[in-house]
Amino acid sequence: MKKILTILICLGVSLLSLYGAERLRERVYIATDRDVYVAGDAVWLSAWCVDAATGGLSSFSKTAYVEIHSPTGMVQTAKISLDGGRGAGRLFLPTTLPTGNYRLFAYTRLGASEEGFDPLSGARTLSVFNTFSTERAEGVTVAPEAPAASAGPTTAGPLVVEAADTPVSASGLLRISNPGTEAVSFSLSVRHDDGIPAPEGKHIADFLQDIRSLPAARGFDGSVIPEYEGEIIRARVTGTDAAGLEAVRKGYAFISSPGTGENLYTETIAEDGTATFFTSNIYGDQEMFLEIEGADRENGIHLELESPFLDLPAGEIPALQLYSGWARDLELRSLGMQLEKDFDADTLYTALPARTHCIFDERDCISYILDDYTRFTVMEELFIEYILQLRVRRANGRRELQVATPDNLGSFYFPAGKSLVLLDGVPVLDHEKIIAYDPLLVKRIDIYMDTYFVGIRNFSGIVNFVTYKGNLPAMQFADNVRVVDFQGCSLPLAYTCEGVDSEYPDYRQTLCWHPMLTLEPGESLTLECKTPAYSGRFEVVAEGLTEQGEAVSARTIFEVR
């Protein structure tokens, strides 16, 4: 089935929804697995995108932007894919962060377009201790005695969390129940309470109170396009003067990343030299290939991505107070962080469903697995000997690869239009490059014999050369192809210990984290939580919202002996 993704459709959907979008006042709350970390830790995130006008979840925006700030500026970022107002992800704290308090907040582009927008309505304060350095953030002081612990979230809503056995030994059961009359969407964290107090901060009940007391909206920035389908990626033509820009204006710009073609987008270059790509969210940190079709390959013209993060003011961040009595606990935290990295803790993660799309339909694909045929050392011989749906023609003094198109009688012919050639899902606009490519590096060739639209650019067939490694080995692109590191939306993950056997000393601080649990009225959940190899005090914290937008929070304590 053809996948027609055009800018007109995206704009049409946005315009049809704009009347409702003008009344939306989106605010984002982020729950984290903990409030105290060491530099190098992973921060697990659960997001609620709420419409301040109604108090319920907003299903409009599909991407939330997360920023972490020190007193001197932004230090870390993340993107979270939203579906129905809920999303999850994680970010890693740099090991170079100085010891201190940091501010974490999130927003959508639609919410941030509101005049006078304050991102701090859902902000959290995180304490970070750097056990590898003595550097401290601004304002950090040393206290003669341990500072008092913060009050933490107050119990609210119908959710009940309890440990089945206290104290708990090797493993224990946690019971979470919803005796209320509304469904509850919540996050759950089971973490070690080592006595290092969490900083004072707002929780979900405070967040809801803040947005309910917002003054009337004063207006919105009309130039901001709501991200109804997914992240809108913006790029700009650089490395040229006005004459060079005129040569590529209204031409086609491509962005892509290695894969099966699901992260391939194309758009026209506007009069001001910008290109706006309407995506359905790209997941994970990866290499992004940027190219302008038809640009002079030797004149240095290329695309450059613009940062989607607004670097908003973080306000006054309260200073951290250090206490010498925490030294031993911080050493254990640091050891736990290093053990998780050394023992490949990714094996403990569970991927949650993510909203994805695919341009190509496998049912329309003709696939040639090259190991099933005679292997040749020249690419063109493959098309001559057995891949009849492909041929090489000469146009404008250069060779081009053509994909056949079926006719109404079941035969096929080669149309005059240009075909799209991919290598591991990345466009190769200079077909000479793929014709000269080593076929022994290619595992299979997937052919799509039809007319396809990618953005507003149409192609007479698509062919994807899939290598054994899947990372475009030995391909030499033209000088105008820019390869950059791209931060995609964080994959939604749960971190649980259920069913996992560990043969090394377990010093983890977070025993269990699930960002998106749902309980219907009267429903309960029993979770087996494998406890660590050391004794101590642990707390279970749940935060969330009811269907009507009321705050839910619950907490319990258990001990391991």
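As the structure is a computational prediction, the values presented were derived from the model and not from experiment.
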Strictly under 6.0 Å, is that where the ring centroids of Y534 and H192 end up?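 Yes, the ring centres sit under 6.0 Å apart.
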Run the ring-centre check on F60 versus Y228 and record whether the distance is less than 6.0 Å.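 So the answer is yes for these two rings.
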Pair [X], [Y]: side-chain N/O donor-acceptor within cut-off below 3.5 Å:
{"X": "H203", "Y": "S553", "result": "no"}
{"X": "E182", "Y": "T546", "result": "yes"}
{"X": "N101", "Y": "T125", "result": "no"}
{"X": "S58", "Y": "D51", "result": "no"}
{"X": "E227", "Y": "S61", "result": "no"}
{"X": "S46", "Y": "R86", "result": "yes"}
{"X": "Q286", "Y": "S257", "result": "yes"}
{"X": "E162", "Y": "T556", "result": "no"}

Can you list the residues that meet the side chain to side chain contact (heavy atoms under 4.5 Å, CB included) rule with [X], with sequence neighbours excluded?
{"X": "R328", "answer": "E331, L332"}
{"X": "Q487", "answer": "T77, A78, D285, F309"}
{"X": "P94", "answer": "Q76, T96, L97"}
{"X": "S113", "answer": "L110, F220, D221, V224"}

Working to the nearest 0.5 angstrom, can you tell me the gap between [X] [atom1] and [Y] [atom2]?
{"X": "T279", "Y": "N263", "atom1": "OG1", "atom2": "CG", "value": "8.5 Å"}
{"X": "I196", "Y": "D329", "atom1": "CD1", "atom2": "CG", "value": "5.0 Å"}
{"X": "W48", "Y": "F186", "atom1": "CH2", "atom2": "CZ", "value": "9.5 Å"}
{"X": "F117", "Y": "L312", "atom1": "CZ", "atom2": "CG", "value": "6.5 Å"}
{"X": "F254", "Y": "M288", "atom1": "CZ", "atom2": "CE", "value": "14.0 Å"}

E523/R175 under salt bridge (Lys or Arg N to Asp or Glu O under 4.0 Å): CA gap, chis, key distance, verdict: CA-CA 11 Å; E523 190 177 15; R175 292 196 185 98; over 6 Å; no
Would N281 and T63 count as a side-chain hydrogen bond (donor to acceptor under 3.5 Å, both in side chains) here? Give the steps. CA-CA 8 Å; N281 282 336; T63 308; 2.8 Å; yes
Give a yes or no on this: more than 12 heavy atoms of other residues, nucleotides or ligands lie within 6.0 Å of atom [atom1] of [X].
{"X": "E115", "atom1": "CD", "value": "yes"}
{"X": "Q209", "atom1": "CD", "value": "no"}
{"X": "R234", "atom1": "CZ", "value": "yes"}
{"X": "E138", "atom1": "CD", "value": "no"}

Dump the intermediate steps for side-chain hydrogen bond (donor to acceptor under 3.5 Å, both in side chains) on D33 and T510, then the final yes or no. CA-CA 7 Å; D33 63 315; T510 301; 2.7 Å; yes
Stepwise side-chain contact (heavy atoms from CB on, under 4.5 Å) test for V128 and N130: CA-CA 7 Å; V128 179; N130 194 319; 5.9 Å; no
Take T131 and S334 through the test side-chain hydrogen bond (donor to acceptor under 3.5 Å, both in side chains) and record every step on the way to the result. CA-CA 7 Å; T131 57; S334 179; 2.9 Å; yes
Would you sort out whether Y37 and L126 count as a side-chain contact (heavy atoms from CB on, under 4.5 Å), showing the intermediate values? CA-CA 8 Å; Y37 298 88; L126 306 181; 4.1 Å; yes
Report the residues that fulfil salt bridge (charged side-chain N to carboxylate O under 4.0 Å, His left out) with R34, sequence neighbours left out, ordered by chain and then residue number.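 Testing R34 for salt bridge (charged side-chain N to carboxylate O under 4.0 Å, His left out), a comparison that skips the adjacent residues, returns D41.
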When you look at F558 and V190, which way does the side-chain contact (heavy atoms from CB on, under 4.5 Å) test go after all the steps? CA-CA 10 Å; F558 67 87; V190 184; 3.9 Å; yes
I need the minimum non-hydrogen distance between S121 and K202, along with the two atoms involved.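 Smallest interatomic distance, heavy atoms only, reads O-CD, 4.3 Å.
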Determine, for E231 against K62, whether the closest basic-nitrogen to carboxylate-oxygen distance falls under 4.0 angstrom.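 Result for this pair is no, no salt bridge flagged.
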Check against side-chain hydrogen bond (donor to acceptor under 3.5 Å, both in side chains), S81 and Y283: CA-CA 8 Å; S81 177; Y283 290 90; 3.0 Å; yes
Tell me if a side-chain donor or acceptor on D424 pairs with a main-chain N or O of L472 at a distance below 3.5 Å.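 The answer is yes, because a donor-acceptor pair under 3.5 Å joins these two groups.
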Any chance you could lay out the side-chain contact (heavy atoms from CB on, under 4.5 Å) test for E26 and V50, step after step, and finish with the verdict? CA-CA 6 Å; E26 290 184 333; V50 176; over 6 Å; no
What pairs of residues pass the side chain to side chain donor-acceptor pair (under 3.5 Å) test when at least one of them lies in residues 66-75, not counting sequence neighbours?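 Every side chain to side chain donor-acceptor pair (under 3.5 Å) pair that includes a residue of residues 66-75, provided the two are not neighbours, is E67-H69, E67-Y107, S70-T72.
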List the steps, then state whether salt bridge (Lys or Arg N to Asp or Glu O under 4.0 Å) holds for R27 with E114. CA-CA 11 Å; R27 298 295 187 270; E114 184 178 331; 3.2 Å; yes
